[in-house]
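Indexing begins at 1, ligand by ligand and atom by atom, following the structure's order. Just so you know, these numbers use all the heavy atoms, side chains as well, and skip hydrogens, waters and symmetry mates.
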Amino acid sequence: MTTIVKEIRQQFNPACPSECVGQVELMSIEETKAALTVAQEAFEGWKNTSSVARGDILRMMAQLLEENIDIVAETASKEMGKTKNEMIGEVKRGASILRYFAQEGMRSTGEVLPSVSEAKLLYTKRVPLGVIVAITPWNFPVAIPLWKIAPALVYGNTVVWKPSIEVALTGKLLGELFEQAGLPKHVLQVVQGRGSTVGQVLVEAPEVKAITFTGSNGVGQNILNTVGHTKKKIQLELGGKNAAIILADADLDVAARLTVEGAMKQTGQRCTATSRVYIEEAVYEKALEKIIAEAKKIEVGVTMGPVSSKEQYTNILAAIDKAKAEGATLVVGGTATKGKEEGYFIDPTIFTDVNHTMSVACEEIFGPVLAVMKVKDYEEAIKLSNDTEFGLSASIYTTNIQKAFDFIERSEVGLVQVNDETGGAEPQAPFGGMKNSSTGAREQGQAAKEFFTTIKTVTINTR
Ligand code: UN1
């Protein structure tokens with residue numbers, strides 16, 4: 001008799017790493033392959049379930065999520081460090097994503113087209129793809145999985161979902177709630193494991209028709225290298241180095257508040273975070289002073305959580321040290337939070353005298369770090385803000401309508417913000433970036449249909 005030794009992973013609280021939050025069993029390669037097989041088998045039945053009924057299950061899931069908001073928010077907050085308040089906001093967002101896609105079950109899935117022959121009925125019909133693999137990050141442990149899983153399911157696909165191992169307990173919880181919501185067996189399966197083992201098997205599996213991934217550029221590139229040559233659909237949401245521009249005519253209170261919110265919300269661990277700000281020289285000192293004042297209002301451990309893990313902690317502190325070594329001037333923070341060394345807490349950090357070629361101006365840090373740069377005018381700001389490999393989001397703060405519209409036209413990003421922070425997403429609006437930030441169809445809104453379905457064009461000769 002062979003004994004299978006399971007790998008057990010314990011989760012620790014980044015606010016207090018000696019606190020074990022729970023444990024989860026990781027899946028073996030064989031179990032992962034078996035999950036793919038049963039997902040394939042479940043496809044036929046799910047595809048033939050009416051889309052209205054599929055939507056009803058998503059609506060039930062929204063309700064269950066709200067009923068369990070406290071436990072879900074608490075679990076995720078303890079696993080990855082986001083404050084409980086931030087997590088509650090995210091769970092509510094998750095419910096709203098589910099409700100938006102539940103309604104998709106009642107919306108049109110095709111169109112009737114004119115034909116050259118008046119005897120022909122010509123129409124299109126959106127159909128599901130089959131088994132979808134969703135690989136999701138730790139930074140939005142509820143919203144990102146749901147904005148992939150909900151459209152995949154409502155359009156009739158089955159899903160094998162690998163949450164980041166860092167938020168495995170939250171993943172498990174969501175899987176259980178979907179089951180309670182009445183999702184038939186094997187239509188959604190949560191596979192727990194590492195990207196290098198379980199993730200690799202999922203990406204390579206022949207039964208998988210599409211892969212949707214949010215995470216780092218490195219892993220995204222690896223997925224492309226592995227399956228880019230196949231016929232699998234690939235959707236990658238990767239990094240950002242999002243800029244904000246503050247013009248001399250802006251409401252500086254609003255600009256400073258939203259720039260700091262953009263940079264520090266969720267401890268800067270959002271691909272949409274503001275990480276560079278260009279301020280027009282005429283208001284530079286004034287705007288900087290307000291930005292510093294806003295950053296100082298943040299209470300680490302109360303309004304801002306720790307970073308998610310030891311690895312994040314080490315990497316972010318190293319990026320801060322690099323910025324110092326490269327000659328940027330530290331004006332706020334710049335170290336681990338004094339008196340809170342038991343957890344992975346880092347002070348909100350702001351650098352000035354940043355040169356466009358410094359690492360703090362071009363590399364994604366994914367932490368509470370903001371680089372401030374002085375520019376001569378709007379022209380210089382737009383040029384520098386576009387001069388990056390990334391293209392996710394960008395903000396402009398101005399009261400000048402021509403400049404706002406010019407920015408909308410010339411900013412090389414997928415998400416353009418005027419007098420608003422760089423982050424944020426609503427389920428009815430497409431989400432995604434340009435350049436190295438994204439590949440494949442946009443997420444959410446009607447754009448999600450593009451990725452999670454394919455089209456049948458039907459011709460009926462009626463005579
Ligand atoms: C947001 O800004 O609220 O991983 C959403 C990320 C993005 C989602 C950002 N894919 O940070």
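Ionic pairing of Glu421 and Lys265 is present here: one or more N-O contacts between side-chain nitrogen and carboxylate oxygen are shorter than 4.0 angstrom.
For ligand 1, residues of the protein lying within 4.0 angstrom by heavy-atom distance are Arg93, Asn139, Phe140, Ile144, Trp147, Thr214, Arg270, Cys271, Thr272, Gly423, Gly424, Phe431.
Between the side chain of Ser77 and the main chain of Lys82, a donor-acceptor pair closer than 3.5 Å is present. Of the possible polar contacts, none joining the Glu90 side chain to the Ile144 backbone as a donor-acceptor pair under 3.5 Å is found.
A search for side-chain contact (heavy atoms from CB on, under 4.5 Å) contacts involving Thr230 returns Val227, Lys232, not counting sequence neighbours.
By the 30° and 60° cut-offs, the orientation of the rings of Phe431 relative to Trp147 is tilted.
Screening Arg276, Lys322, Lys241 for a salt bridge (Lys or Arg N to Asp or Glu O under 4.0 Å) involving Glu363 leaves a single residue, Lys322.
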